[in-house]
Amino acid sequence: MYENSHSTKTFNEMQIGWKFDNSYSRLSDIMLTKLSPVPVKIPKLIILNQNLCSEIGLDFSKLDDEKIAEIFAGNILPSGSEPIAQAYAGHQFGHFTMLGDGRAIVIGEHVTPNKKRYDIQFKGSGITPYSRGGDGRAALGPMLREYIISEAMNSLNIPTTRSLAVVSTGENVIRETPLEGAILTRIASSHLRVGTFQYVAMRGDLKILESLVKYSINRHFPELIDDKNIGLSFLEIVIKKQIELINHWMRVGFIHGVMNTDNMTISGETIDYGPCAFMDTYKPETVFSSIDQNGRYSYVNQPAIAHWNLVRFAETLLPLINKKQSEAVKMAEEILNKFPTMYKLSWLEMMKKKLGLFGSFDEDEKLIKDLLEWMEKNKADFTNTFYSLMTKEYLKNKDKLFIAWQLRWKKRLEKNNKPIKDSLDLMKVNNPSIIPRNHKVEEILDSACNKNDLEPLNNLLKVFKKIYSSDANISQYQSPPKEVNHFYQTFCGT
Ligand code: AMP
Ligand code: MG
């Protein structure tokens, strides 16, 4: 039965399918604070991700929306849940700070019928000991934004946390103006981040560090648990996962916006959709965070920042890599120094797929770079340019340099020694036909938050099912903004 502090109503939760096993809560006390979400006044269900519910073995169909809203507001908690705020630290824009879940609460880990484990986290659920003067709350717009972008990322086949539900709270949050409060329920294969390790390393307790590393390996990479040097194996696999992830972002023109070490997961999932966005016009220096004055987290800088963050991660693992620090540094550096080459190779493979290229030829890199250079000079739309290469739309482009590039591309395609259909198939799963463009997302959020109209939001979510298709009904989502807004910025502290 649900524990309900506000009403005496109970119902049979067996019907829902929660199955909690809260392994993180069994770690050392320093890793978390046990506490309940702060109840909200008038919870109202805004959106429930039915597909995701089915995927993870949850069924809310027997409950009315009011009850569902109470659950996702944290006003009533399922039995088996053990709400906690996680402790972590992190480098924010290069500066180290103690952080922790300041407005989030993990109510527990749900194990699905096919034995996948997910953190169930409420974001915006009230203050915690890590709130650092913040109000612990979130506004409806940014929570719906995270819902949209994370679902887009999932449809794009990019590892990501997912969004299960959004409820409004019936309470205002004060930002520049009063805004409607909301709570997002997100699920993640874990919330272990580089910052989690930085926090433990900062405390200097080797035993806790060791148990955290073992815990993380068991949870995410159990195949490594018997390795000779688990510190080193762990570092290697996290580097590999991050290279894969960043290349996915580069593939679709995604800019995370706040790649602080606390926003980089160990699992390799994209996390924390704050001031992030997809690029319209190809401009490598594009930034989306209003406080990112120096372009630290610009599109083109993402691999270098990932490398920087991974060096911070490696620093936390040194005592496990080798008892002798100088030796440990040498061993870690050897792996970290491979990052640029590994990234570059993986980037080339990714870009070759975008152009339908099989095999490897000396001219490939230049062919790719020349296209990007042309796109930059001509202010071409990133998504639509690659899309046009699959639809023959590109043939309409009469620019001399572009035509010259096309001829080189065609010659290179011939070297594939495969039917052109194979190239097209490869391109079709790597070049999305639509992305959640800012101007569209803002329109949709305006309807949802200011006009009480969720239809545009639901329509966009439906279209994500066709994210790699060339369906005729998607064209309204393909147009770039009328006036390209290079200064589009989203804000932190959302
Ligand atoms: P983020 O930029 O969302 O990754 O958050 C960075 C840190 O600030 C995390 O420790 C968050 O929990 C915390 N934080 C963000 N917004 C709030 C808020 N409204 N109240 C309390 N803590 C917050
Ligand atoms: Mg964060």
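Computed from a predicted model, the values in this text were never measured in an experiment. Side chains are part of it too, since the values below use all heavy atoms of this structure and drop only hydrogens, waters and symmetry mates. Atoms within each ligand, like the ligands themselves, are counted from 1 in listed order.
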Using side-chain heavy atoms (C-beta onward) and a distance below 4.5 Å, is E171 in contact with V40?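 They are in contact (side-chain heavy atoms under 4.5 Å apart), so the answer is yes.
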Below 4.0 Å from ligand 1: does a non-hydrogen atom of [X] turn up there or not?
X: K123; answer: no
X: G136; answer: yes
X: G100; answer: yes

Side chains of [X] and [Y], donor plus acceptor under 3.5 Å:
X: S163; Y: Y273; answer: no
X: Q198; Y: T261; answer: yes
X: N172; Y: E180; answer: no

Where's the contact between Y130 and ligand 1, heavy-atom distance under 4.0 Å: side chain, backbone, both or neither?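 No part of Y130 comes within reach of ligand 1.
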Is it the side chain, the backbone, both or neither of R137 that has a heavy atom closer than 4.0 Å to ligand 1?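 The answer is the backbone.
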Looking only at non-hydrogen atoms, which of R103, E146, M98 approaches atom 17 (C) of ligand 1 most closely?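 The option holding the nearest heavy atom is R103.
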N/O to N/O below 3.5 Å, does that happen between [X] and ligand 1?
X: D272; answer: yes
X: G102; answer: yes
X: Q92; answer: no
X: N263; answer: yes

Assess [X] against [Y]: is NZ or CZ under 6.0 Å from the centre of the six-membered ring, and within 45 degrees of the ring's axis?
X: K283; Y: Y299; answer: no
X: R312; Y: W308; answer: yes
X: R437; Y: F278; answer: no

Against heavy atoms of [X], which atoms of ligand 1 measure under 4.0 Å?
X: S131; value: 21 (C), 22 (N)
X: D262; value: 4 (O)
X: G134; value: 20 (N), 21 (C)
X: R175; value: 19 (N)

Partner of M350 under side chain to side chain contact (heavy atoms under 4.5 Å, CB included), chosen from N247, L345, N430: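 Only one of N247, L345, N430 forms a side chain to side chain contact (heavy atoms under 4.5 Å, CB included) with M350, namely N247.
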Which protein N, O or S atoms does the Mg ion (ligand 2) have within a distance shorter than 2.8 Å?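 Per the 2.8 Å query on the Mg ion (ligand 2), atoms found are N263 OD1, D272 OD2.
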I would like to know whether K379 and D280 meet salt bridge (charged side-chain N to carboxylate O under 4.0 Å, His left out); could you show each step before the answer? CA-CA 9 Å; K379 301 190 169 51; D280 293 301; over 6 Å; no
Under 3.5 Å donor-acceptor, D101 side chain and V106 backbone: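 No.
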Please determine whether a side-chain nitrogen of the Lys or Arg among [X] and [Y] lies less than 4.0 Å from a carboxylate oxygen of the Asp or Glu.
X: E269; Y: K241; result: no
X: D119; Y: R219; result: yes
X: K115; Y: D21; result: no

